[in-house]
Protein chains: 2
Amino acid sequence: MAVTSGVKNRTRQAIIDAAIDLLAGNPACSLGDIAAAAQVGRTTLHRYFAERADLLAAVSAEGGERLVRAATLADLERGTGAEALLRLCREYFDLGSLLSLMFAGQGGECWESQDEGGLLRVIERGRADGSIDPALPPDWVLALLWSQLYAAWEYRAQRQDASRHHVLDLLTRTLSNALRPPSS
Amino acid sequence: MAVTSGVKNRTRQAIIDAAIDLLAGNPACSLGDIAAAAQVGRTTLHRYFAERADLLAAVSAEGGERLVRAATLADLERGTGAEALLRLCREYFDLGSLLSLMFAGQGGECWESQDEGGLLRVIERGRADGSIDPALPPDWVLALLWSQLYAAWEYRAQRQDASRHHVLDLLTRTLSNALRPPSS
DNA sequence: CCGTCATGGAACACGTATGTTCCACTACGA
DNA sequence: TCGTAGTGGAACATACGTGTTCCATGACGG
């Protein structure tokens with residue numbers, strides 16, 4: 001498969017990036033808005049993605065790739081379950097507006113199904129090695145992870161004075177506390 | 001000001017209730033859908049709320065009232081700051097789909113501004129009495145409260161087997177752990 | 001210099017949500 | 001029995017998003 005002319009790839013990527021940013025803020029935003037944000041004509045957008053559903057599918061695929069990439073960077077096999085989860089949290093935090101987009105997708109549709117199994121395994125490991133409270137069901141831990149991640153992202157968006165490092169520190173502290181077993 | 005005939009009040013309330021339920025699931029849902037859910041004609045809906053914005057304003061007002069009512073029931077002046085916050089959490093949890101609606105409203109627009117001050121005072125009290133980690137900024141505590149509340153609501157919606165009591169127990173446990181100061 | 005490639009704009013048809021008007025039906029009290 | 005309040009349905013005009021077609025422009029390599 002030939003690499004369809006570097007120009008087309010860049011245009012396509014610009015559209016997808018713009019779509020992620022705008023859809024995160026308003027899942028019902030118009031294609032015209034997305035095209036404008038990507039600095040291309042609406043005609044061009046339709047040339048790459050015939051229907052809205054096609055664009056959404058491409059955004060979904062891009063999101064899935066970024067999630068997998070983040071999970072790889074987090075090196076989930078290393079350390080205790082809780083440590084791995086917190087590392088993953090830091091990687092996910094850098095996904096930016098993609099977080100809002102997935103949260104708007106109501107908890108899980110396509111992307112999560114990919115590595116959700118992997119995450120649940122990490123959580124189980126944490127419950128076994130004593131770094132995560134076994135009284136917490138794995139999917140509740142997952143819900144907790146996503147909700148605090150989203151809260152941290154929104155917190156950072158509202159208070160520009162808060163540095164990335166500071167917010168990440170708050171997130172790490174509260175999440176690890178929430179998951180810690182009572183005996184520890 | 002006369003009480004405009006009990007019938008009109010009941011119709012109006014039915015429309016607002018239906019609007020809260022549907023808008024929580026889809027903020028862009030049509031007025032026709034809301035009218036159908038309220039079991040009234042679209043004409044009637046327009047008779048009570050001339051424009052969509054009018055209905056949204058009424059929903060906003062209703063949400064604000066319910067929040068205030070919940071805060072009153074929580075008796076925020078009693079006990080430590082953390083205890084009061086957890087009581088409030090339980091009251092808020094029963095607001096149901098209103099939680100999703102306010103979360104869709106992106107963290108805070110009108111309703112929160114009402115009692116946000118009161119909540120921040122409770123959080124400050126908790127920081128002072130040692131029941132809340134003083135290292136956590138009050139508005140981060142607030143963000144944490146809302147995000148875990150939303151997570152709990154979604155968790156309950158997805159897993160019908162989880163009883164209200166069980167979910168509320170998980171929420172209380174993780175939230176109080178997240179807020180607990182390290183020394184304790 | 002010419003051809004193609006990628007693009008952007010204009011215009012159109014179509015569907016849907018919205019807001020309005022008009023008329024008919026039902027319940028209820030005087 | 002009559003008049004009124006509350007309602008619902010049908011129809012209409014309007015606005016907006018969508019998907020398509022057609023044509024013009026600028027860039028780039030032969």
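Note on naming: letters A, B, ... go to the chains in the order of the sequence lines (proteins, then strands), and numbering restarts at 1 for each one. Since the structure is predicted, the reported quantities are computational estimates derived from the model, not experimental observations. The basis for the numbers below is simple: all heavy atoms, side chains too, and nothing from hydrogens, waters or symmetry mates.
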Practice task
Take the protein atom CZ of R52(B) and the nucleotide atom C1' of dA15(D), then report the distance between them rounded to whole Å.
Solution key: 14 Å
Exercise for the section: Take the protein atom CG of L31(B) and the nucleotide atom P of dT14(D), then report the distance between them rounded to whole Å. Expected result: 20 Å
Less than 3.5 Å apart, which donor and acceptor atoms pair up between the side chains of residues 71-82 of chain B and the rest of the protein, not counting sequence neighbours?
unit_1 : atom_1 : unit_2 : atom_2 : d
T72(B) : OG1    : V68(B) : O      : 2.9
D75(B) : OD2    : R78(B) : NE     : 3.0
T80(B) : OG1    : E83(B) : N      : 3.2

Practice task
Could you list the residues that satisfy side chain to side chain contact (heavy atoms under 4.5 Å, CB included) with L149(B), not counting sequence neighbours?
Solution key: C89(B), Y92(B), F93(B), L99(B), W146(B), L171(B)
Handout entry: Separation of dG8(D) C1' from I15(B) CD1 (nearest whole Å)
Key = 12 Å
Practice task
Go through the structure and list residues passing salt bridge (Lys or Arg N to Asp or Glu O under 4.0 Å) with D129(B), not counting sequence neighbours.
Solution key: none
Exercise for the section: With a 4.0 Å heavy-atom cut-off, tell me which residues in residues 33-49 of chain B come close to DNA chain D, sorted by residue number. Expected result: Q39(B), V40(B), G41(B), R42(B), T43(B), T44(B), R47(B), Y48(B)
Problem - Nearest-angstrom distance from the residue atom CG of N26(B) to P of dA17(C) - result: 11 Å
Handout entry: Phosphate OP1/OP2 of dT7(D): any T11(B) side-chain N/O under 4.0 Å
Key = yes
Problem - Integer-rounded Å distance: dA27(D) P and R10(A) CZ - result: 14 Å
Completion exercise
R173(A) meets the salt bridge (Lys or Arg N to Asp or Glu O under 4.0 Å) criterion, sequence neighbours left out, with D169(A), D133(B)
Problem - Side-chain (S60(A)) to main-chain (L56(A)) donor-acceptor, under 3.5 angstrom - result: no
Completion exercise
Separation of dG17(D) atom C1' from E51(A) atom CD, nearest Å, is 14 Å
Practice task
For P137(A), check side chain to side chain contact (heavy atoms under 4.5 Å, CB included) against everything at least two apart and list the hits.
Solution key: D139(A), W140(A), Y155(B), H166(B), L170(B)
